[in-house]
Amino acid sequence: MTAVTPSAARERWAADYAKQADLDRVVRNRSGIVVEPLYTPDDWAGERYQADLGFPGQEPFTRGIYPSMYRGRTWTQRQLIGLGTPADYNARVRQILDLGASAISLLPCNSGFRGLDCDEVPAPLLGTCGTVINNVDHMDRALDGVPLGSISTAMNDPTPFTLLAFVLATAHRRGVAFDQITGTSNQSDYISHFVANHMFYRLSQPGSRRVLVDHVAYCRERVPGWNPVSVVGQHMQQAGATPAETMAFTLATAIQYAEDCMARGLHPDAILPRFTFFFDVSISFFEEVAKFRAGRRIWARITRDRLGAKDPRSWRFKFHGQTSGVDLTAQQPLNNVARVATQAIAGIFSGLQSMHTDAYDEAITCPTEESARIAVATQNILREEAHLCDVIDPLGGSYYVEHLTDQMEEEILRVMAVIEEAGGMYAAVGSGLVQGMIGRSALAAQERIDAGVDRVIGVNCYESEDDNEEQPPPYRPDRESMEAHVAAFRDFKRSRSESEVRRGIDGLRAAAEDESKNVFASVVDAATAGVTHGEIVATLRDELGFGNPLIVA
Amino acid sequence: MSTLAAAVAAGHEGNLARALTVLEKGGVDAIALRRTLLEHTGRAMVVGVTGPPGAGKSSLIGALIGALRNEGKRVAVLAVDPSSPLSGGAVLGDRTRMGEHTLDPGVFIRSVSSRGQSGGLSRAVPALIDALDAAGWDVVLLETVGSGQSDVDIAEYADVAVLVSVPGLGDDVQAIKAGMLEVADILVVNKSDLPGAARTARQLEQMLSLRSSDSVHPPVIRTSVPDASGIDSLVSELGRTARAGGRLRRLRKEIVREAESAFALRLSKDLVDRACRSVLDEGREISVVALELAAR
Amino acid sequence: MGGLDDADRSHAYSECERVLARILTKRKAAPVDTPIRVLITKIGLDGHDRGSRIIAAYLRDAGHEVVYTPPWQTISGVVRLALQEDVEVIGVSSLATDHLIVPDLLRELAEAGLDDVAVVVGGIVPDSEHAMLTDAGVGRIFGPGSSRDEIVDAVNQLGAAVRDRRSRAEVPA
């Protein structure tokens, strides 16, 4: 056997490759980065291992934010659910807990997202996509039998955080101390609502900006186990931002929130350990892994160097990943089980802290019991059977993954510089800059699918006759029990103490008018006094403005 | 068409909307319809609002609608957006930034595409104004993106021409077309809650003072939509500035323009024929010839 | 200027076609001389607008005039908008069950004399609820994965049909 120099070997490979593969076909990932057919030590040689990767639990945290990662404790299985009446939700949540979920989440009805009570919207729309929770009684019923002091509850709860207020009022009722309550305000990221997911958009930008900081300050003091900030990259990516843009927008948003809190006199180390992130995990497998590894490393630098955090806990980029519903198809829906599993593996290899796996029928309807069970089982199989948790950051050191992580980092930093140039995230969304970028990326992605450049099984290739099969009917809440729920709510409004309600609403107004008061504290008071969700939002809209999200067509 | 015109003049909203479609399409029907409608015109105050993208024109118009409604005026809006140079299509979204007036019977908003009139207004805009006027709307607000020719056009069609600027353009205030400064009746510094508003206003005043021969400068008004400041002074200034002769001037120019465009139409047919010959007979590059045509 | 034989001529013609086709690819040949006016909107409670924005861009690129609204329009608001804008087609995007109130929209359109407007729904409509919409008068339902051509062609056809009906009516009601 003759000794071959690496460069000669490489040339020979290149020549052999050219004979077999189409050199004209350029492969790009969703972020626009060209993907080569082969990576070698020429692309990543590991000289900067310590600076760029380091060890798990050590900065820059590229390999994971905890020393033992899934060997110590696996990710939290947190299925996002919401449907029907509080009683319907309660039944589903108990079932999910029995199946092995270690935390719960609550998705309110779309009417709630719009800041409305159930007696203010067309009845057919109630409870079809989330649970109708408008007061403390509803929350108490929804969480019946759920031990508030030990189960972490994520609330899909935009400003002014009425759901958390109802949780606290419920805890108060049950005698559970506030410092026992753990969980996350999943939808606190009002900037992403303004830009990308108008679903959750409730108060004007300036109003939301103030209430978020109030909420952070309140939780820091009264509910220290609660994560008041979740920066939601998911919205950006679902609206069409590329994975790199998504990470850039999300980090720029997090900087904005941290600086807003610091401007209020909160020390970075008092707030940053409770910052969390929420992302889509798409099926662009390696790109997602690189996105999160790069994101962790950038955040570690930002928190330390720019925001001045000294506590290593402030540098950790904690994130919840949700497998991306955008990749799921209505055609051949069972195929989505494979998609979700692939996305979930990408999430696990990315080192996420908590995960929601989509049900396969999510592109069509609210998950059925069966599809919800398979979604949870997917996580169980990956965790228990597939040995994915044996090695920390198992893709670390791959020439490709490390090179791609570097490239993604570069692209993320480039987009962040554009935002910085525009005056930060708050200014960049005010001018429509970010919306324009997302819109262009969304259209480009759709055009790649239309042109067949990006292939989607059952949509633009491998279409099947079976697509014409009738789908099972979707989940719709039981009409009678929903009507009874609304009727009971009307009764509640009639029978509650008017003076208490008046006092609650006056408290909201007073807090909104006085910058030295905490608006969220007044929301908790109002919720406890029996003021409804719709009334709280309406009062604060009146005081702090509503406006509309800026939509760039 | 006279039936339609009569229905428009009688104030039926659906017929007005249909009449606008006919007028936009142009052709014989449009000419006949407009001729009939003209009998009923002459009462509306036409306010042109122009300015660079991002100046907040739509939100300002939303605030103006509110203020004019408080005075009991019935307000119509023509929101003109540029059409795509590639397809000729357009996404028209301005009206959604004008606030919640959709259900107010005293407000009528129509989105208009410039239909390929690069840099200018849709050819049909004067006719659309006439229709709204004939239908009895007290005020017609005409919104356009400021870009060279349309700025000057708007001054021709409107009784009052408002140029909207915004702080943060910095030295770019210089870039506001000199032509528009010449014809603007009112200058607005919108978003004046932002830093730099005073500076922008000052710069505009300076530029106006360079405007030759005018002894009276148009006023510079600072507005802020979220604070609802300056809107009332803008409204009263509109009333003051609306010139009695404005309408007549517009119609006269309109006649000249019609004649010109008819001429241009004939010319361009010749041009097309010539272009074809130059491809077939002279062997010129088609793409070059096509581009030349497109540039006209 | 002679010197051109038939082969040259036919080559020139085909070149001409090719270049024009390239220039006009995005125009997608609207079958009528004036653009179709389409309202793209969302009623009800959902705020996801990625789909409606993409559809708006498709139709713009096909040469149509799209009046675009943000989410959360009320039904009565959409009716008045359709009236003022004199649209021929209304496209309602529904991803989170808002299609359940589309029949109400059709009823109110008819009450306002706009029963000639074509209404299409795009997004997620479960099979079992298609009939509810088509019975109410919805012209087409586009599920996930519908192609640009499918959507543009349908809007072209429906829009042209509406226009045709309207041109035969003397004066609109």
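Chain letters run A, B, ... following the sequence lines, proteins first and then strands; every chain starts at 1. Side chains are part of it too, since the values below use all heavy atoms of this structure and drop only hydrogens, waters and symmetry mates.
With a 4.5 Å cut-off on side-chain heavy atoms, Gln84(C) and Leu16(B) do not count as touching. Looking only at side-chain heavy atoms (C-beta outward), Leu81(C) and Thr102(B) come within less than 4.5 Å of each other. Residues Arg110(B) and Asp86(C) have side chains in contact (heavy-atom distance under 4.5 Å, counting atoms from C-beta outward).
Here the closest heavy-atom approach between residue Glu13(B) and residue Leu83(C) is recorded as OE1-CD2, 3.1 Å. For Arg60(C) against Ala90(B), the heavy-atom pair with the smallest separation is CG-N, 3.5 Å. In this structure, Val67(C) and Arg95(B) approach most closely via the heavy-atom pair CG1-CD, 4.2 Å.
Among Glu85(C), Arg37(C), Gln73(C), Glu65(C), the residue making the largest number of heavy-atom pairs under 4.5 Å with chain B is Glu85(C).
A donor atom on one side chain and an acceptor atom on the other are not found under 3.5 Å apart for Thr34(C) and Glu24(B).
For Val107(B), the part lying under 4.5 angstrom from a heavy atom of chain C is the backbone only. Contacts between Ser84(B) and chain C at a heavy-atom distance below 4.5 Å involve the side chain alone, from C-beta outward.
Around CD of Glu100(B), the count of heavy atoms belonging to other residues, nucleotides or ligands within 6.0 Å does not exceed 12.
The only member of Val91(B), Asp94(B), Thr96(B) that meets side chain to side chain contact (heavy atoms under 4.5 Å, CB included) when paired with Tyr68(C) is Val91(B).
To the nearest 0.5 Å, the span separating OG1 on Thr69(C) from CG on Leu92(B) amounts to 12.5 Å.
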